[in-house]
Amino acid sequence: MDRRQFLKNTGLLAATAAVAPSLNSCSPAEDIPQIAETELLVVGGGPAGVCAAIAAARMGVKTMIIESGNCLGGMATRGLVGPFMTCYDRYGEQMIIKGIFEEIVDRLVEKGWAIHPEKVRWESPWTAWIKAGHDHVTPFESEGLKYVLDVMTAEAGIKVLYHAQFLKPIMKGNTIKGVTIVAKEGMQNISAKIVIDATGDGDVAYRAGAPCELGDKTREGKIQPTSLFFRINNVDSAKLEADVYKHLPEFRRVNHVSYRALHWNVAQAEANGEWDIARKSVNLFKSVKDDEWVINSTRISNINPTESDSLTSGEIEGRRQVQELMNFFHKYVAGCENATLMCSADTLGIRESRHVIGEHVLQEDDLINGVVPEDSILVASNSVDVHGGGAAANTSVYTVINEKWYGVPYRCLVPLKVENLLLAGRCLSATSVAAGAVRVMPPAMAMGHAAGVAAALCLKNGQTPRTVDAQEVRKELLAQNAFLG
């Protein structure tokens, strides 16, 4: 069944007119109970949010995380996104994203749930045999990461609330004072002195009135395609790897289209009418166990991550593509004849949605040319990777940076027009193209670390995120084993 017929049969091409009952019909606004009062509230427990919370709590701040899912880790756990992309410099010589990120990696390695990035080099099974931008990645097991993050937040004394959906900010003028959530009990209020938006989509900032852009304004708001990650096991990895290495000299990019692992099998499947995914090769990353692989090869375009109806169609199409890929593995791929689908992700992998406009907008040219502003709160070397950025859906514009690293300034974490709010992760203030570099998890985790430190210093010194001294933030980050160049 092709994609269009599948969507038609599920009813997703038909117009929907369902009207949800008003939330206020369940609980009038004036009756919403306040369930907590905290100094710092982190909205979103993904890679950025959890690092922000840990950093602040360790500095003595009363900290709370609200998370809509059932675990911490976000894309790294519920989204099955892996491995962690490079945390090393451009030339693979030095680990440059450290601090809390490095501590998490070390704890995973100690438990046997990750391979340290120092042991993983480019053009290997753990990098999907990709060279550019993939030196020193970190394979990890998502189930192990869930446990490690639970332990680390408990050690830090953080209050974590799962199954809590952010609804709206509580504002006094242009200052955020807390949030309203929807929990199992209904609508509830949480007051906070500072809030960190780690939702990925910038939901808090957007609803608080901060200016935002959706997608790439230079391409009429086009949004990068999403993916649904999944994991397989029972793979004869020796047989698979031998076949790929045999074809390694054939790897190439033509007009921004990658012909990498298994492109020879994809060509066969296409010729037989058994492949309609907008890719010409398969990104498959070997995981920690020898027979397990992480698959990043579904491609679902034209999804708006800020609309539930659009996300719904994306999730359904993603699962259809997973089944198509499993048929492909069984029928065409050496060593995968008996591969088993372990699980697909609980949520789509989102590359792009809102870009909140902050005190500084990160520019792609500064990344490519290795600019390190004085107020940088992290340095990274991740390449600019814009999926669907070319003329066709299966193209990906990939640009390697020219220097050892570039810096992300603190100002990118401070949104315009809203006080006592910080950004962390994918929704930082950046152009669409620049965000294509720093949206990946290690830089997002470093951003979270910096946002948590900044929040703690604000509370300690009676300052706001807009007035805190970025040099003091940098000084504290260095004391916490961050690397700033």
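Since this is a predicted model, take the numbers as computed values, not measurements.
Residues meeting the ring-ring contact (aromatic ring centres under 6.0 Å, His included) test with Phe101, sequence neighbours left out: Phe84. For Glu364, the side chain to side chain contact (heavy atoms under 4.5 Å, CB included) partners are Thr431, Val433, Ala434, not counting sequence neighbours. Residues satisfying the side chain to side chain contact (heavy atoms under 4.5 Å, CB included) test with Ala267, not counting sequence neighbours, are none. Applying the side chain to side chain contact (heavy atoms under 4.5 Å, CB included) criterion to Gln268, with sequence neighbours excluded, gives Asn265, Tyr332. Residues satisfying the salt bridge (Lys or Arg N to Asp or Glu O under 4.0 Å) criterion with Arg219, sequence neighbours excluded, are Asp216.
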(request) Would you please test Asn304 and Ser310 for side chain to side chain donor-acceptor pair (under 3.5 Å) and show each step? (result) CA-CA 6 Å; Asn304 183 343; Ser310 185; over 6 Å; no

(request) Go through the steps to decide whether Thr395 and Asn255 satisfy the test side chain to side chain donor-acceptor pair (under 3.5 Å), and finish with yes or no. (result) CA-CA 8 Å; Thr395 57; Asn255 296 326; over 6 Å; no

(request) Might you work through the salt bridge (Lys or Arg N to Asp or Glu O under 4.0 Å) test for Lys331 and Glu274, ending with a clear yes or no? (result) CA-CA 10 Å; Lys331 189 169 181 179; Glu274 295 183 294; 3.0 Å; yes

(request) For the pair Ser297 and Arg279, evaluate side chain to side chain donor-acceptor pair (under 3.5 Å) and give the outcome as yes or no after the intermediate values. (result) CA-CA 7 Å; Ser297 282; Arg279 288 183 182 267; 4.6 Å; no

(message) Please evaluate residues Trp126 and Ser287 with respect to the criterion side chain to side chain donor-acceptor pair (under 3.5 Å), reporting the C-alpha separation (whole Å), side-chain torsions for both, the decisive distance (0.1 Å), and the verdict.
(response) CA-CA 7 Å; Trp126 296 275; Ser287 192; over 6 Å; no

(request) Report the C-alpha distance between Arg426 and Glu352 in whole Å, list the side-chain angles of each, state the deciding distance to 0.1 Å, and finish with yes or no for salt bridge (Lys or Arg N to Asp or Glu O under 4.0 Å). (result) CA-CA 7 Å; Arg426 175 163 49 84; Glu352 181 177 29; over 6 Å; no

(request) Show your reasoning for whether salt bridge (Lys or Arg N to Asp or Glu O under 4.0 Å) applies to Glu103 and Arg58. (result) CA-CA 14 Å; Glu103 181 182 344; Arg58 287 177 175 177; 2.8 Å; yes

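When atom types are taken as modelled, the side chain of Ser142 and the backbone of Leu80 share no donor-acceptor pair closer than 3.5 angstrom. A donor-acceptor pair is defined here as one N or O able to donate and one able to accept, closer than 3.5 Å; such a pair exists between the side chain of His136 and the backbone of Pro117. A donor-acceptor distance shorter than 3.5 angstrom exists from the side chain of Asn234 to the backbone of Asn338, with no hydrogens or angles considered. Using modelled atom types, one side-chain atom of Ser429 and one backbone atom of Gly358 make a donor-acceptor pair closer than 3.5 Å.
Neither side chain, Glu337 nor His330, offers a donor N or O lying under 3.5 Å from an acceptor on the other.
Pairs passing the salt bridge (charged side-chain N to carboxylate O under 4.0 Å, His left out) check and including a residue from residues 130-146, sequence neighbours excluded, read Arg121-Asp135, Glu141-Lys289, Glu143-Lys146.
Interatomic distance, CG of Leu311 versus CD1 of Ile350, reported as 5.5 Å (0.5 Å rounding). Atom CG of Asp243 and atom CG of Leu248 lie 11.5 Å apart (nearest 0.5 Å). The line from OG1 of Thr86 to CE of Met95 is 9.0 Å long, rounded to the nearest 0.5 Å. The CZ atom of Arg253 sits 5.5 Å away from the OG atom of Ser396 when rounded to the nearest 0.5 Å.
Ser227 pairs in a side chain to side chain donor-acceptor pair (under 3.5 Å) with only one of the listed residues (Gln321, His387, Arg351), which is Arg351. Under the side chain to side chain contact (heavy atoms under 4.5 Å, CB included) rule, Asp197 has a single partner from Val43, Val179, Leu421, which is Leu421.
Ion pair Glu102/Arg107 not flagged as a salt bridge, since none of the NZ, NE, NH1 or NH2 atoms sits closer than 4.0 Å to an Asp/Glu carboxylate oxygen. Electrostatic pairing of Glu307 and Arg354 does not count as a salt bridge here, judged by no charged N lying under 4.0 Å from a carboxylate O. Using a cutoff of 4.0 Å between basic side-chain nitrogens and carboxylate oxygens, Glu270 and Lys280 are scored as salt-bridged. For Arg231 and Glu292, the salt-bridge test passes: some basic side-chain N is under 4.0 Å from an acidic carboxylate O. Taking a cutoff of 4.0 Å between a charged side-chain nitrogen and a carboxylate oxygen, Glu67 and Arg78 qualify as a salt bridge. Comment: Asp276 engages Arg320 in a salt bridge, judged by a side-chain N to carboxylate O separation of less than 4.0 angstrom.
Cys212 and Val356 get closest at one heavy-atom pair: SG-CG2, 4.0 Å. Annotation for Pro443 and Ala380: closest pair CG-CB, 4.3 Å, computed over non-hydrogen atoms. Between Leu362 and Pro409, the closest heavy-atom pair is CD1-CD, 3.8 Å. Annotation for Gln323 and Leu341: closest pair NE2-CD2, 3.8 Å, computed over non-hydrogen atoms.
For Tyr147, the OH atom sits in a loose shell: 12 or fewer heavy atoms of surrounding residues, nucleotides or ligands are nearer than 6.0 Å.
Note: Trp405 and Phe483 have perpendicular aromatic rings, judged against thresholds of 30 and 60 degrees for the angle between ring planes.
For the pair Arg260 and Phe251, the cation-pi criterion (under 6.0 Å, within 45° of the ring axis) is not fulfilled.
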